Amino acid sequence: MLKENVFQVIKSSIVEILPEISTNQIVISVSLQDLGANSIDRMDIIIKSMERLGVKIPLVELAKVNNIQGLVDILYEKASA
Amino acid sequence: MKERVVVSGMGAISSIGKNINEFTDSLKVGRSGIGRIRNSFDPPISVSIAAEIHDISFDSYLEGCAEYSGIPPGFTNEVRQCARRAPFAVQGSISAATEAWSRAELFKNSLAPDRVGIIIAGNNLTEHYQYGLYEKFKQTPEYLSPTYALHYLDTDQVGTISEIFKIRGEGFTVGGASASGNIGILKGFQLIQLGLVDACMVIGSMAHLSPMELQGFYNIGAMGGKRFSNEPEKACRPFDMDHEGFIYGQASGCLILESLKSATARGIAKLAEISGGALVLDGNRLSDPNEAGEIRAMEIALSQAQINAIDVSYINTHGTSSPKGDETELKAIRKVFKRKTSDIWINATKGFTGHCLYSAGVIEAIATIIQMNEGFVHPNINLDNPIEYDFKFCGKELSQADIQIALSNSFGFGGINTSLVLQRIE
């Protein structure tokens, strides 16, 4: 599992929850909020990505994440563990 | 002095039409929406017939809406973003509400948001949605969609629709089983009478039942469809000797109720007046109908409306095609109207739409208003051999009719009886 794969999974979850976003708009440095995701969309994207990667992370551990890069890092860490 | 209350807009999506025009055409020509259930269930259930909404996605509905009068640019996009992942029942409510809001000219001729209310009629609105998630939940609860916490609530409809239509007055759901729609109209009527709002959107929510509710209704003995299982359009037969129980139907309906004062000030067409209504209980937790309760509902509705029984020319019955329910309702009507029953047109919209449960009252109020304004009574398409002969049942074809004052009945499990009085506005 590469970090790039994790990023791809997150991208596919984003476009599923927010169909008006295209994958090439999603750069790793932005936050989900920057892409127009509301609080519930953000949770949906995270849960969907976790499901696709087969990882289970207590949501409190995601509190410090503030952009997609942070999300990639924590999901990558759990997926590789 | 209480405010007089009129209907200033209506919208519906049902098995017999995706808007009011299509619904009206179906009523006129006697087009039934009842057929075989298209999706199979795992495990299979005992119910195979229903009046389902088919062949329309929320997206294509929204595209069609762009033709409605006064829809602002960007509206359909906003709605899509707000509700594309919402359960089917919520999307149905939004669809009916959009048509009603447009017909009431509220997109261009708006009211102060805090003077508009919203009532969602129906209870347990998310059964199908919940059932659909259960299998996965049993495997991995961690992956349950977070939106579940919003969507499972009946009040999700209040939130979503108030956001879309920028409604800021009172808003809540009312539950009364199959009488929910009438209760919603009655409560909206009272909010306006009390002067708490100037207009109230009343939505009869679709009952999107899961296989478990369908089987439950079957097991309790309430459902028909056995004898005519190969001719589904004949299965719903209110007041016919061969009636054997209700047929499940899907529909979302919306009425915009408005004070006469407000509708006059806005200079819009008034579709009908709500003159009165009643909600009374039998004190009975079971499913059986009660003649005394039905009589009280009709009598109190007439007295609230200050209408003499003699002046009623049409009754849109509860008429579900349930033997006991049909018989009890006719007995109650006979007690209220006495010998006059042979002069009052009687039909049952459920013969076309199936029993839409929570939305039935709203859908049937809409059917009543259409018939009053267009001067006809719709056929009873499956009434071959009426269980009683001293009633003026509509025949198998449409009849011209001059209806000034109408009654619309809805009764629900748990001894809930309601009746509404509607009047034509010249």
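Source: prediction; values computed, not measured.
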Do the side chain of B:E99 and the main chain of B:A12 share a donor and acceptor less than 3.5 angstrom apart? yes
Pair [X], [Y]: side-chain N/O donor-acceptor within cut-off below 3.5 Å:
X	Y	value
B:E63	B:S60	no
A:S22	A:Q25	yes
B:Q139	B:E135	no
B:S205	B:Q157	yes

Using heavy-atom distances under 4.5 Å, tell me whether [X] contacts chain B through its side chain, its backbone, both, or neither.
X	result
A:L18	both
A:I17	both
A:P58	neither

Whatever's closer than 4.5 Å to a heavy atom in chain A on B:L150 counts as side chain
Does [X] [atom1] have over 12 foreign heavy atoms under 6.0 Å away?
X	atom1	result
A:Q33	CD	no
B:E67	CD	no
B:Y152	OH	no
B:K18	NZ	no

What one should report as the nearest heavy-atom pair of B:G204 and B:S359 is O-CB, 3.3 Å
Per-residue contacts, residues 74-93 of chain B versus chain A, heavy atoms under 4.5 Å: B:Q81, B:R84, B:R85
Could you tell me which residues in residues 105-132 of chain B have at least one non-hydrogen atom under 4.5 Å from a non-hydrogen atom of chain A, sorted by residue number? none
Is the shortest distance from a Lys or Arg side-chain nitrogen in B:E52 or B:R38 to a carboxylate oxygen in the other one below 4.0 Å? no
Can you tell which of A:I40, A:D44, A:I47, A:N38 has the highest number of heavy-atom pairs within less than 4.5 Å of chain B? A:D44
Evaluate salt bridge (charged side-chain N to carboxylate O under 4.0 Å, His left out) for B:E170 paired with B:K187, printing each intermediate quantity in order. CA-CA 11 Å; B:E170 287 204 15; B:K187 294 298 134 187; over 6 Å; no
